[in-house]
Number of protein chains: 2
Amino acid sequence: MALPGRPHWSMDVNLKQLSRMLELSQTTVSRALNGYPEVAEETRRRVVDAARRHGYRPNPSARRLATGKAGMIGYVMPTGASVDIDPHFVEFLSGLGDYARTHELDLTLSPSTIEDEEMTYRRIVANKQVDAVYVSSPRPRDARIALLNDLGIPFIVHGRSEGLDFDYPFLDIDNEAAFHEAARLLIQLGHRRIALINGNADQTFAIHRERGLRRALAAGGVELPPHRVRAMPMTEENGYRAASDFLAARERPTAIVCSSLLMTLGVTRALRDAGLSVPGDVSLIAHDDVFPFLKPENFPVPLATTRSSIRAAGQRIAERLAARIAGVEDGARGEVWAVDLVVRASVAQVKG
Amino acid sequence: MALPGRPHWSMDVNLKQLSRMLELSQTTVSRALNGYPEVAEETRRRVVDAARRHGYRPNPSARRLATGKAGMIGYVMPTGASVDIDPHFVEFLSGLGDYARTHELDLTLSPSTIEDEEMTYRRIVANKQVDAVYVSSPRPRDARIALLNDLGIPFIVHGRSEGLDFDYPFLDIDNEAAFHEAARLLIQLGHRRIALINGNADQTFAIHRERGLRRALAAGGVELPPHRVRAMPMTEENGYRAASDFLAARERPTAIVCSSLLMTLGVTRALRDAGLSVPGDVSLIAHDDVFPFLKPENFPVPLATTRSSIRAAGQRIAERLAARIAGVEDGARGEVWAVDLVVRASVAQVKG
DNA sequence: GCCGAAATTCAAAGCGCTTTGACTGGCGGC
DNA sequence: GCCGCCAGTCAAAGCGCTTTGAATTTCGGC
């Protein structure tokens, strides 16, 4: 591949050179390009034009060194031999990227073990590697949030924490209402033995979902005994295990609410193994984060879901992060998205 | 949260300050820390010790500006409303992160549309934002590889391209051999009508898999007519469609080889819909990238697979990338990993 | 026709690090 | 006793940008 005449953005000119060509000082050129007011309009035009023609692009390292701004969003990514990144992360990333792409923002992933997490946050902040960070999968009293709050770097939490004695900016979906609705529907259909298969118990979203479910059940005068609740990482295998346990009980549930599509895969397998049908024997509702590669309508029996696009959340978070970096957004604004309840064939009136 | 006595790595000391404390020049301190030989051992000890005590951490921006080294691995992430990031990416990322974490390497994701891809690569290289990049999902004659080769930045391709007139470093699994083996097994078991459900036809891995399959079939004197091959994005839905088509044909296949577990989910659904059993009516072999959240042994009938951990590949690529950055590895070394064929209950002797 | 303010522009000082080139002192060799 | 050399050390120059503080020009007003 021959070099096709040095494409003009190939960064072969720096500020000094550019200013020399224009017979202006670096100061003026810099200001012209960064939109400062004290530059004559005529001059600015000349500068901007020349910059484009020569494909001038400020060196980010230099700029960062001088200003402290990085043009980067940071994410501390949990890793470790036994740590699995949530597959939801990919979809979230798609959304984040979608927005970031159009705003010259890159994303820095800093892998870290859980133990080193705090140190990693401190490092990326102290180093000014990133202008803002986002936090995912928050737990109650999440130490990361308190830390970032102290550190004073712009951040947004995807999800919510609880038990913190200060407010912070977040974007969350209304998990409680979602599962409340789901449970209410089941109760209306006459279900009394309802089971919950949830994500990890230390995650706020799981807590909220259980809370919503319980609230609806309580309102309907229905019990939720401990043996009808499971909370674990959201894999197919765990879904299978949990459901198998439920189904083996003397009084098996007539409905199962599940926190993830992947787990529900395991649930349907368990049902099949047990020779039970959906929704004849057991009704099913799951939460759907809207993956392109696995759709609830394509389950053996189309699956009723509480639905919220995790990708859209990624976009929105990028947008808000950008706004915070620019200083346009501040304060501890929390944003809670409503969740759709999508009824499909997997729920039915309870039998008998 | 009260500040717990300013943890010592909070980057409140820079090189100048540190050298002043030690009553040494910045030069010497810098050299001592970076392991240059012309520093007295005694001095080095003092310096290293003081650096640790004061939690000195070089400012990456400054270092980058001075050296051009970034301490970052880059990835140009395809995004767009209709672009879905491959869920495999998460697992790969876990592996990459696993290694990167222990080597002070961060990862920069630069979201980009397909059209802007080349420009994005050029930008991150020109800006010295990253020391090395990796390329995933290569296609034949992949323009990105040619570009990076020209640009002269260290890179590694995860997978392979074909039809390029130069060599380049890559890490790939032996997709051809894997599917060759799979097909050979099926032929040994008497299968003659074998179908293939593949990933996107423009991906090299898909091409290699089909090639391996064809080779084995040819050797066994078996045909692979076009109507028994499908190539499409690897979603559950597409797996279902492809399998449904196959099963609706006059002469339905007695065995299906599938490029992904996610697709195979759809395949088993189609089989169920058609009232067919595995392996009684149809044998199944799929490729398994080893996801924690979906395991072949947990399929309704345990699924035979060609297996290779995509996570391990991520680790290895990070390792090699680091080696290239350090100048320890160079040249166009290609690495091809063997793939295990794991036989499980989903394959059987053909009926009749 | 002169003055001070407003409008532009500039030179130079950083940002925190690496690296070049020069400068010490101590030591063996003749 | 002098020279050359080597091990250590240092001051200073850059990396490419922003920003401060000062200099220059312009211009309305009297």
Side-chain angles (χ1 to χ4, degrees), chain A residues 9-48 50-51 54-72 104 123-129 131, chain B residues 9-48 50-51 54-72 104 123 125-129 131 327:
Chain A
W9 28 257
S10 110
M11 180 67 194
D12 28 29
V13 53
N14 62 22
L15 186 61
K16 176 141 68 174
Q17 294 164 354
L18 187 63
S19 59
R20 196 143 42 204
M21 303 174 130
L22 285 161
E23 302 192 304
L24 283 171
S25 71
Q26 294 191 37
T27 310
T28 304
V29 175
S30 171
R31 285 191 165 141
L33 292 173
N34 292 313
Y36 282 64
E38 59 271 74
V39 175
E41 263 323 307
E42 150 75 21
T43 308
R44 187 191 306 278
R45 240 192 309 281
R46 265 182 65 219
V47 171
V48 168
H54 292 92
Y56 168 72
R57 283 195 141 283
N59 175 319
S61 302
R63 166 176 274 176
R64 187 172 318 174
L65 181 56
T67 62
K69 290 283 175 194
M72 293 252 179
E104 305 244 311
R123 170 170 65 82
I124 62 177
V125 170
N127 287 347
K128 306 233 164 99
Q129 281 185 66
D131 298 328
Chain B
W9 28 256
S10 106
M11 179 66 195
D12 28 30
V13 54
N14 61 22
L15 185 61
K16 174 139 75 174
Q17 294 164 356
L18 187 64
S19 59
R20 195 143 45 204
M21 301 173 132
L22 285 161
E23 302 192 307
L24 283 172
S25 72
Q26 295 190 35
T27 311
T28 304
V29 176
S30 171
R31 286 191 164 140
L33 292 173
N34 291 314
Y36 281 64
E38 60 270 76
V39 175
E41 264 323 308
E42 151 75 20
T43 309
R44 186 191 306 278
R45 240 191 311 280
R46 264 182 66 218
V47 171
V48 169
H54 292 91
Y56 168 73
R57 285 195 139 281
N59 175 318
S61 302
R63 168 176 271 175
R64 187 170 319 174
L65 183 57
T67 63
K69 291 283 176 194
M72 293 253 178
E104 305 243 311
R123 171 171 65 84
V125 170
N127 287 347
K128 307 232 164 95
Q129 282 186 67
D131 297 329

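In what follows, chains carry the letters A, B, and so on, assigned in the order in which the sequence lines appear, proteins first and then strands, with residues in each chain numbered from 1.
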Nearest heavy-atom pair of B:Gln129 and B:Arg64: which atoms, and what distance?
O-NH1, 4.4 Å

Separation of D:dC15 atom P from B:Gln129 atom CD, nearest Å, is 20 Å

Ignoring backbone atoms, test whether A:Tyr36 places a side-chain nitrogen or oxygen under 4.0 Å from the OP1 or OP2 oxygen of C:dT8.
no

Taking only side-chain N and O atoms of B:Asn59, does any of them lie within less than 4.0 angstrom of OP1 or OP2 on C:dC15?
no

Between protein and nucleic acid, restricted to nucleotides 26-28 of chain D and to nitrogen or oxygen atoms under 3.5 Å apart, what atom pairs and distances do you find?
none

Can you give each donor-acceptor pair under 3.5 Å made by side-chain atoms of residues 35-43 of chain A, sequence neighbours left out, with the distance rounded to 0.1 Å?
{"from": "A:Glu41", "atom 1": "OE2", "to": "A:Arg44", "atom 2": "NE", "distance (Å)": "3.4"}

Between NZ of B:Lys16 and P of D:dA13 the distance, given in whole Å, is 14 Å

If the cut-off is 4.0 Å, is A:Tyr56 near the phosphate of D:dC17, judged by side-chain N/O to OP1 or OP2?
yes

side-chain hydrogen bond (donor to acceptor under 3.5 Å, both in side chains) partners for B:Arg63, two or more places apart:
B:Asn34

Whole-Å distance between C:dA12 P and A:Leu15 CG?
16 Å

Residues that A:Ala66 engages under side chain to side chain contact (heavy atoms under 4.5 Å, CB included), provided they are two or more places apart
none

Do you know which two heavy atoms are closest between A:Tyr56 and A:Asn14, and how far apart they sit?
CE1-C, 3.7 Å

Show the nearest heavy-atom pair for residues A:Ala51 and A:Leu33, with the distance to one decimal.
CB-CD2, 3.8 Å

When you compare the protein's N or O atoms with those of nucleotides 8-10 of chain D, which come within less than 3.5 Å of each other, and at what distance?
{"from": "D:dT9", "atom 1": "OP1", "to": "B:Thr43", "atom 2": "OG1", "distance (Å)": "3.0"}
{"from": "D:dT9", "atom 1": "OP2", "to": "B:Ala40", "atom 2": "N", "distance (Å)": "3.3"}
{"from": "D:dT9", "atom 1": "OP2", "to": "B:Thr43", "atom 2": "OG1", "distance (Å)": "3.0"}
{"from": "D:dC10", "atom 1": "OP2", "to": "B:Ser25", "atom 2": "N", "distance (Å)": "2.8"}
{"from": "D:dC10", "atom 1": "OP2", "to": "B:Ser25", "atom 2": "OG", "distance (Å)": "3.3"}
{"from": "D:dC10", "atom 1": "OP2", "to": "B:Thr28", "atom 2": "OG1", "distance (Å)": "3.0"}
{"from": "D:dC10", "atom 1": "N4", "to": "B:Arg31", "atom 2": "NH1", "distance (Å)": "2.8"}

Whole-Å distance separating the CG atom of A:Asn34 from the P atom of D:dT19
8 Å

Partner residues of B:Ser25 under the side-chain hydrogen bond (donor to acceptor under 3.5 Å, both in side chains) criterion, sequence neighbours left out
B:Thr28

Between C:dC17 (C1') and B:Asn14 (CG): distance, integer Å
10 Å

Whole angstrom is fine here: how far is it from CG in A:Leu65 over to P in D:dG14?
17 Å

Between NZ of A:Lys128 and P of D:dC17 the distance, given in whole Å, is 19 Å

What residues form a side chain to side chain contact (heavy atoms under 4.5 Å, CB included) with B:Gln26, not counting sequence neighbours?
B:Leu15, B:Lys16, B:Ser19

How long is the line joining CG of A:Leu33 and C1' of D:dG16, in whole Å?
13 Å

Say whether, by atom type as modelled, one donor and one acceptor occur between the side chain of A:Arg46 and the main chain of A:Leu22 under 3.5 angstrom.
yes

